Amino acid sequence: MSELYIRVAEDENEEPMEIPSEDDGTVLLSSVAAQFPGACGLRYRNPESQCMRGVRLMEGVLHAPENDWGNLVYVVNYPKDNKRKMEEIDAASAVKIKRGFQKTSDLIVLGLPWKTTEQDLKDYFTTFGEVIMVQVKRDAKTGNSKGFGFVRFTEYETQTKVIAQRHMIDGRWCDCKLPNSKVHVACPDEPMRSRKIFVGRCTEDMTTDELRQYFMQYGEVTDVFIPKPFRAFAFVTFADDQVAQALCGEDLIIKGVSVHISNAEPKHNNIHQLFPNFPGGSASLAAMFDRSQYQFPSSHV
(Lines give C-alpha, C1' and ligand atoms only; values in the text may rest on other atoms or scores of the structure.)
Protein backbone atom coordinates (compact mmCIF):
# COMPACT_ATOMS: atom_id res chain seq x y z
CA MET A 1 0.00 0.00 0.00
CA SER A 2 1.39 3.37 -0.96
CA GLU A 3 2.09 5.95 1.72
CA LEU A 4 -0.81 8.19 2.59
CA TYR A 5 -1.50 10.91 5.13
CA ILE A 6 -4.29 11.06 7.66
CA ARG A 7 -5.70 14.28 9.05
CA VAL A 8 -5.18 14.76 12.78
CA ALA A 9 -6.21 17.67 14.99
CA GLU A 10 -6.08 18.45 18.71
CA ASP A 11 -9.74 19.43 18.60
CA GLU A 12 -12.55 18.86 16.10
CA ASN A 13 -12.85 22.58 15.46
CA GLU A 14 -9.14 23.15 14.85
CA GLU A 15 -7.27 22.99 11.58
CA PRO A 16 -5.92 19.43 11.11
CA MET A 17 -2.35 18.40 10.41
CA GLU A 18 -1.42 15.58 8.03
CA ILE A 19 0.43 12.68 9.64
CA PRO A 20 2.20 10.12 7.40
CA SER A 21 1.16 6.47 7.51
CA GLU A 22 3.43 3.43 7.22
CA ASP A 23 3.74 1.16 4.17
CA ASP A 24 1.11 -1.20 5.56
CA GLY A 25 -1.41 1.62 6.06
CA THR A 26 -0.98 1.86 9.84
CA VAL A 27 0.10 4.97 11.72
CA LEU A 28 2.68 4.93 14.48
CA LEU A 29 1.66 6.53 17.75
CA SER A 30 5.15 8.02 17.87
CA SER A 31 4.43 9.86 14.60
CA VAL A 32 1.34 11.41 16.18
CA ALA A 33 3.16 12.21 19.45
CA ALA A 34 5.95 13.91 17.51
CA GLN A 35 3.44 16.56 16.44
CA PHE A 36 1.17 16.37 19.50
CA PRO A 37 3.36 15.72 22.56
CA GLY A 38 1.67 13.56 25.17
CA ALA A 39 -0.78 11.95 22.72
CA CYS A 40 -1.88 8.45 23.73
CA GLY A 41 -4.31 7.62 20.91
CA LEU A 42 -6.81 8.85 18.33
CA ARG A 43 -10.58 9.02 18.06
CA TYR A 44 -13.01 10.06 15.35
CA ARG A 45 -16.69 10.86 14.93
CA ASN A 46 -18.71 8.11 13.24
CA PRO A 47 -20.53 9.69 10.25
CA GLU A 48 -23.60 7.50 10.80
CA SER A 49 -24.10 7.53 14.58
CA GLN A 50 -22.31 10.84 15.19
CA CYS A 51 -20.69 9.19 18.21
CA MET A 52 -16.99 9.37 18.93
CA ARG A 53 -15.08 6.13 18.27
CA GLY A 54 -11.60 5.17 19.32
CA VAL A 55 -8.93 3.99 16.90
CA ARG A 56 -7.48 0.56 17.68
CA LEU A 57 -4.00 0.82 19.23
CA MET A 58 -1.73 -2.22 19.51
CA GLU A 59 1.89 -2.04 20.66
CA GLY A 60 2.28 1.59 19.63
CA VAL A 61 0.61 1.08 16.23
CA LEU A 62 -2.71 2.70 15.23
CA HIS A 63 -4.90 0.67 12.86
CA ALA A 64 -7.32 2.26 10.39
CA PRO A 65 -11.00 1.62 11.12
CA GLU A 66 -12.23 -1.01 8.68
CA ASN A 67 -8.80 -0.80 6.97
CA ASP A 68 -9.52 2.63 5.56
CA TRP A 69 -8.62 5.96 7.13
CA GLY A 70 -10.93 7.75 4.70
CA ASN A 71 -11.23 11.51 4.70
CA LEU A 72 -12.12 11.85 8.37
CA VAL A 73 -10.45 14.15 10.86
CA TYR A 74 -8.96 12.22 13.78
CA VAL A 75 -8.79 13.87 17.18
CA VAL A 76 -5.88 13.36 19.55
CA ASN A 77 -6.43 11.61 22.86
CA TYR A 78 -4.48 12.67 25.94
CA PRO A 79 -4.27 10.99 29.34
CA LYS A 80 -6.83 12.70 31.58
CA ASP A 81 -4.28 13.66 34.22
CA ASN A 82 -1.92 15.13 31.65
CA LYS A 83 -4.74 17.06 30.00
CA ARG A 84 -5.82 18.49 33.33
CA LYS A 85 -2.27 19.54 34.11
CA MET A 86 -1.92 21.17 30.70
CA GLU A 87 -5.16 23.09 31.26
CA GLU A 88 -3.95 24.22 34.67
CA ILE A 89 -0.65 25.37 33.20
CA ASP A 90 -2.48 27.27 30.46
CA ALA A 91 -4.76 28.91 33.02
CA ALA A 92 -1.81 29.88 35.22
CA SER A 93 -0.01 31.31 32.21
CA ALA A 94 -3.08 33.34 31.27
CA VAL A 95 -3.28 34.79 34.78
CA LYS A 96 0.43 35.58 34.72
CA ILE A 97 0.12 37.32 31.37
CA LYS A 98 -2.89 39.29 32.59
CA ARG A 99 -1.04 40.39 35.69
CA GLY A 100 1.90 41.36 33.56
CA PHE A 101 -0.09 44.29 32.19
CA GLN A 102 -0.67 45.59 35.73
CA LYS A 103 2.42 47.59 36.59
CA THR A 104 3.44 48.31 40.16
CA SER A 105 3.60 51.86 41.52
CA ASP A 106 5.52 53.69 44.18
CA LEU A 107 3.66 53.28 47.48
CA ILE A 108 3.86 55.89 50.21
CA VAL A 109 4.57 54.55 53.72
CA LEU A 110 3.02 56.85 56.33
CA GLY A 111 3.83 57.06 60.03
CA LEU A 112 7.42 55.79 59.95
CA PRO A 113 9.34 56.03 63.23
CA TRP A 114 12.08 58.67 63.08
CA LYS A 115 14.75 56.00 63.62
CA THR A 116 13.68 53.79 60.67
CA THR A 117 16.36 53.54 57.97
CA GLU A 118 16.04 52.50 54.35
CA GLN A 119 17.64 49.17 55.21
CA ASP A 120 15.04 48.63 57.96
CA LEU A 121 12.31 49.42 55.45
CA LYS A 122 13.74 47.04 52.86
CA ASP A 123 14.22 44.23 55.40
CA TYR A 124 10.58 44.54 56.47
CA PHE A 125 8.95 44.69 53.04
CA THR A 126 11.16 41.99 51.54
CA THR A 127 9.16 39.53 53.65
CA PHE A 128 6.21 40.22 51.31
CA GLY A 129 8.07 39.95 48.00
CA GLU A 130 10.89 41.31 45.87
CA VAL A 131 11.49 45.02 46.48
CA ILE A 132 12.66 47.26 43.64
CA MET A 133 13.11 50.48 45.60
CA VAL A 134 12.87 51.89 49.12
CA GLN A 135 13.34 55.48 50.24
CA VAL A 136 13.01 57.32 53.53
CA LYS A 137 12.29 61.01 52.96
CA ARG A 138 14.69 63.22 54.90
CA ASP A 139 15.12 66.90 55.57
CA ALA A 140 17.65 68.35 53.14
CA LYS A 141 19.32 70.45 55.85
CA THR A 142 19.30 68.23 58.93
CA GLY A 143 19.17 64.79 57.32
CA ASN A 144 16.45 63.79 59.79
CA SER A 145 13.60 61.56 58.68
CA LYS A 146 10.34 63.30 57.76
CA GLY A 147 8.33 60.35 59.07
CA PHE A 148 7.38 58.78 55.77
CA GLY A 149 8.94 56.99 52.82
CA PHE A 150 8.32 55.05 49.63
CA VAL A 151 8.53 51.43 48.51
CA ARG A 152 8.03 49.69 45.18
CA PHE A 153 7.60 45.97 44.51
CA THR A 154 8.31 43.80 41.48
CA GLU A 155 4.96 41.97 41.51
CA TYR A 156 1.56 43.64 41.35
CA GLU A 157 0.13 40.88 43.55
CA THR A 158 2.60 41.79 46.30
CA GLN A 159 1.64 45.45 46.04
CA THR A 160 -2.04 44.59 46.44
CA LYS A 161 -1.33 42.46 49.51
CA VAL A 162 0.75 45.17 51.17
CA ILE A 163 -1.86 47.90 50.63
CA ALA A 164 -4.59 45.70 52.14
CA GLN A 165 -3.10 45.69 55.64
CA ARG A 166 -1.42 47.86 58.27
CA HIS A 167 2.23 47.34 59.11
CA MET A 168 4.10 47.30 62.41
CA ILE A 169 7.52 48.81 61.62
CA ASP A 170 10.00 49.42 64.42
CA GLY A 171 7.22 49.32 67.02
CA ARG A 172 4.78 51.66 65.27
CA TRP A 173 1.73 51.02 63.10
CA CYS A 174 2.25 52.37 59.59
CA ASP A 175 -0.02 52.68 56.55
CA CYS A 176 1.10 51.84 53.02
CA LYS A 177 -0.96 53.17 50.13
CA LEU A 178 -0.99 54.67 46.66
CA PRO A 179 -0.62 58.46 46.67
CA ASN A 180 -3.89 60.03 45.50
CA SER A 181 -2.19 61.85 42.67
CA LYS A 182 1.21 62.39 41.10
CA VAL A 183 3.16 65.39 39.91
CA HIS A 184 4.55 64.79 36.44
CA VAL A 185 8.00 66.30 36.04
CA ALA A 186 7.43 66.35 32.29
CA CYS A 187 4.58 68.84 32.78
CA PRO A 188 6.04 71.93 34.48
CA ASP A 189 2.81 73.88 33.96
CA GLU A 190 0.85 71.44 36.13
CA PRO A 191 -0.16 73.13 39.43
CA MET A 192 1.52 71.84 42.56
CA ARG A 193 -0.57 69.71 44.87
CA SER A 194 -1.65 71.29 48.12
CA ARG A 195 0.31 70.49 51.25
CA LYS A 196 -2.74 71.46 53.32
CA ILE A 197 -5.53 69.17 54.44
CA PHE A 198 -8.98 70.02 55.73
CA VAL A 199 -9.88 68.25 59.00
CA GLY A 200 -13.66 68.10 59.34
CA ARG A 201 -15.85 67.16 62.35
CA CYS A 202 -13.39 68.56 64.90
CA THR A 203 -14.56 69.12 68.45
CA GLU A 204 -13.98 72.32 70.42
CA ASP A 205 -11.67 70.64 72.93
CA MET A 206 -9.08 69.84 70.24
CA THR A 207 -6.09 72.17 70.40
CA THR A 208 -3.52 73.05 67.75
CA ASP A 209 -0.82 71.29 69.77
CA GLU A 210 -2.88 68.12 69.98
CA LEU A 211 -3.59 68.14 66.23
CA ARG A 212 0.08 68.80 65.49
CA GLN A 213 1.18 65.95 67.73
CA TYR A 214 -1.33 63.56 66.12
CA PHE A 215 -0.48 64.34 62.51
CA MET A 216 3.29 64.29 63.09
CA GLN A 217 3.08 60.50 62.99
CA TYR A 218 2.43 60.77 59.24
CA GLY A 219 5.08 63.35 58.40
CA GLU A 220 6.55 66.72 59.27
CA VAL A 221 3.84 69.25 60.15
CA THR A 222 4.61 72.90 59.38
CA ASP A 223 1.37 74.54 60.51
CA VAL A 224 -1.95 73.87 62.26
CA PHE A 225 -4.81 76.38 61.96
CA ILE A 226 -8.10 76.38 63.88
CA PRO A 227 -10.43 79.25 62.87
CA LYS A 228 -11.84 81.44 65.63
CA PRO A 229 -14.63 81.47 66.57
CA PHE A 230 -14.71 77.69 66.45
CA ARG A 231 -16.26 76.30 63.24
CA ALA A 232 -15.83 72.50 63.80
CA PHE A 233 -12.93 72.19 61.37
CA ALA A 234 -9.19 72.82 61.16
CA PHE A 235 -6.37 72.91 58.64
CA VAL A 236 -3.05 71.09 58.84
CA THR A 237 -0.09 71.79 56.57
CA PHE A 238 2.62 69.21 55.91
CA ALA A 239 6.14 69.77 54.66
CA ASP A 240 5.50 67.31 51.84
CA ASP A 241 2.43 67.40 49.59
CA GLN A 242 2.51 63.64 49.05
CA VAL A 243 1.70 63.04 52.71
CA ALA A 244 -1.20 65.47 52.52
CA GLN A 245 -2.62 63.89 49.38
CA ALA A 246 -2.23 60.38 50.75
CA LEU A 247 -4.38 61.24 53.78
CA CYS A 248 -7.20 62.80 51.75
CA GLY A 249 -10.39 60.78 51.91
CA GLU A 250 -9.47 59.09 55.19
CA ASP A 251 -11.52 58.97 58.39
CA LEU A 252 -9.22 59.18 61.41
CA ILE A 253 -9.86 58.93 65.16
CA ILE A 254 -8.58 61.88 67.22
CA LYS A 255 -9.38 62.01 70.94
CA GLY A 256 -12.08 59.38 70.38
CA VAL A 257 -13.76 61.40 67.62
CA SER A 258 -13.96 60.42 63.94
CA VAL A 259 -12.67 63.26 61.76
CA HIS A 260 -12.72 63.34 57.97
CA ILE A 261 -9.71 64.42 55.91
CA SER A 262 -10.08 66.12 52.54
CA ASN A 263 -8.08 68.42 50.29
CA ALA A 264 -7.78 72.14 51.01
CA GLU A 265 -6.77 74.58 48.29
CA PRO A 266 -6.58 78.37 48.30
CA LYS A 267 -9.54 80.00 46.59
CA HIS A 268 -10.50 83.56 47.39
CA ASN A 269 -13.31 84.37 45.00
CA ASN A 270 -16.30 82.93 46.83
CA ILE A 271 -15.23 82.17 50.39
CA HIS A 272 -17.49 84.89 51.82
CA GLN A 273 -20.45 83.02 50.34
CA LEU A 274 -19.67 79.99 52.49
CA PHE A 275 -20.08 81.85 55.80
CA PRO A 276 -22.41 84.83 55.24
CA ASN A 277 -22.99 85.25 58.99
CA PHE A 278 -19.34 85.19 60.00
CA PRO A 279 -18.64 87.79 62.76
CA GLY A 280 -17.09 90.89 61.26
CA GLY A 281 -18.67 90.32 57.86
CA SER A 282 -17.33 88.97 54.62
CA ALA A 283 -14.39 91.39 54.61
CA SER A 284 -13.11 89.96 57.88
CA LEU A 285 -13.61 86.42 56.66
CA ALA A 286 -11.84 87.14 53.37
CA ALA A 287 -8.95 88.69 55.23
CA MET A 288 -8.61 85.58 57.38
CA PHE A 289 -8.53 83.30 54.35
CA ASP A 290 -6.18 85.60 52.44
CA ARG A 291 -3.79 85.56 55.37
CA SER A 292 -3.95 81.81 55.95
CA GLN A 293 -4.57 80.74 52.34
CA TYR A 294 -6.99 78.09 53.53
CA GLN A 295 -10.28 77.18 51.99
CA PHE A 296 -13.28 75.21 53.18
CA PRO A 297 -13.46 72.31 50.70
CA SER A 298 -16.29 72.40 48.16
CA SER A 299 -17.16 68.82 49.08
CA HIS A 300 -18.29 70.06 52.49
CA VAL A 301 -20.25 73.08 51.31
Side-chain angles (χ1 to χ4, degrees), residues 104-114 116 121 124-125 134-139 144-152 159-184 190-203 206-227 231-267 289 292-301:
T104 58
S105 305
D106 291 349
L107 304 180
I108 187 168
V109 187
L110 299 169
L112 283 178
W114 308 117
T116 301
L121 208 58
Y124 174 81
F125 283 112
V134 292
Q135 180 186 29
V136 174
K137 295 293 286 186
R138 298 182 180 279
D139 184 89
N144 295 330
S145 169
K146 290 186 176 182
F148 71 98
F150 295 91
V151 62
R152 186 166 189 161
Q159 172 177 303
T160 303
K161 182 167 57 177
V162 167
I163 292 176
Q165 64 185 80
R166 300 196 75 194
H167 304 274
M168 177 64 73
I169 302 176
D170 286 342
R172 174 182 283 184
W173 284 110
C174 302
D175 294 305
C176 195
K177 57 169 62 179
L178 282 167
N180 284 11
S181 59
K182 296 182 179 179
V183 172
H184 301 285
E190 182 179 347
M192 292 184 62
R193 295 172 298 179
S194 175
R195 295 181 293 111
K196 307 176 184 65
I197 59 172
F198 172 86
V199 186
R201 302 198 294 255
C202 292
T203 55
M206 293 180 184
T207 67
T208 56
D209 288 339
E210 288 172 334
L211 290 178
R212 181 186 298 274
Q213 187 64 34
Y214 177 85
F215 283 104
M216 278 180 61
Q217 66 178 304
Y218 298 108
E220 182 182 352
V221 175
T222 60
D223 186 50
V224 177
F225 179 78
I226 300 177
R231 307 295 292 182
F233 64 87
F235 297 92
V236 176
T237 305
F238 289 95
D240 195 290
D241 60 351
Q242 290 175 312
V243 175
Q245 294 303 309
L247 287 174
C248 288
E250 295 292 318
D251 288 301
L252 306 175
I253 304 297
I254 302 178
K255 298 185 71 174
V257 177
S258 175
V259 300
H260 182 73
I261 311 299
S262 56
N263 195 22
E265 298 176 353
K267 190 174 182 180
F289 275 85
S292 64
Q293 292 189 350
Y294 292 115
Q295 177 221 353
F296 192 92
S298 60
S299 60
H300 292 263
V301 177

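Owing to the predicted nature of the structure, the values given are computational and were not obtained by experimental measurement.
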Original post:
Stepwise, does the salt bridge (Lys or Arg N to Asp or Glu O under 4.0 Å) test hold for D175 with R166?
Top reply: CA-CA 5 Å; D175 294 305; R166 300 196 75 194; 3.0 Å; yes
**OP:** Could you please spell out the steps behind the side chain to side chain contact (heavy atoms under 4.5 Å, CB included) verdict for V259 and D251?
**Re:** CA-CA 6 Å; V259 300; D251 288 301; over 6 Å; no
Original post:
Yes or no on side chain to side chain contact (heavy atoms under 4.5 Å, CB included) for I254 and E210, after CA distance, side-chain angles and deciding distance?
Top reply: CA-CA 9 Å; I254 302 178; E210 288 172 334; over 6 Å; no
Original post:
Passes side chain to side chain contact (heavy atoms under 4.5 Å, CB included), L112 versus R172? Steps please.
Top reply: CA-CA 7 Å; L112 283 178; R172 174 182 283 184; over 6 Å; no
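To the nearest 0.5 Å, atoms CZ (R212) and CG (D223) are separated by 6.5 Å. If you take CD on E250 and OG on S258, they are separated by 10.5 Å, rounding to the nearest 0.5 Å. C248 contributes atom SG, which lies 8.5 Å from atom NE2 of H260 (distance to the nearest 0.5 angstrom).
Side-chain contact between F150 and K137 is present, with at least one heavy-atom pair separated by less than 4.5 Å. Side chains of C174 and P113 form a contact here, defined as non-hydrogen atoms less than 4.5 Å apart. The shortest side-chain heavy-atom distance between L107 and K177 does not fall under the 4.5 Å cut-off. The shortest side-chain heavy-atom distance between V236 and L247 does not fall under the 4.5 Å cut-off. Side-chain contact check for F238 versus I197: some heavy-atom pair is nearer than 4.5 Å. Proximity of C176 to V151: side-chain heavy atoms (C-beta onward) are separated by under 4.5 Å at one or more points. With contacts defined as side-chain heavy-atom distances shorter than 4.5 Å, the pair V257/M206 qualifies.
Considering all non-hydrogen atoms of both residues, I226 and F233 come closest at CG2-O, 4.2 Å. Nearest heavy atoms, P227 versus A234: CD-CA, 4.4 Å. Considering every non-hydrogen atom in both N263 and Q245, the closest pair reads OD1-NE2, 3.3 Å. Residue S145 comes nearest to G147 through the heavy atom pair OG-N, 3.0 Å, listed as atom of the first residue, atom of the second, then distance.
Although no hydrogens or angles enter the test, the distance criterion places a donor-acceptor pair under 3.5 Å between the side chain of H167 and the main chain of V162.
Shown here are the side-chain hydrogen bond (donor to acceptor under 3.5 Å, both in side chains) partners of T116, two or more places apart in sequence or in another chain: D170. The side-chain hydrogen bond (donor to acceptor under 3.5 Å, both in side chains) search around D209 returns none, not counting sequence neighbours. Listed by chain and number, the residues in a side-chain hydrogen bond (donor to acceptor under 3.5 Å, both in side chains) with T203 are D205 (sequence neighbours excluded). The side chain to side chain contact (heavy atoms under 4.5 Å, CB included) test applied to R152 returns T104, D106, I132, M133, not counting sequence neighbours. Considering only residues two or more places apart in sequence or on other chains, Q135 meets the side-chain hydrogen bond (donor to acceptor under 3.5 Å, both in side chains) condition with none of them.
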Please list every donor-acceptor pair under 3.5 Å in which a side-chain atom of residues 213-222 meets a protein atom from a residue at least two apart or in another chain.
from: Q217; atom 1: NE2; to: Y214; atom 2: O; distance (Å): 3.1
from: T222; atom 1: OG1; to: T237; atom 2: O; distance (Å): 3.2

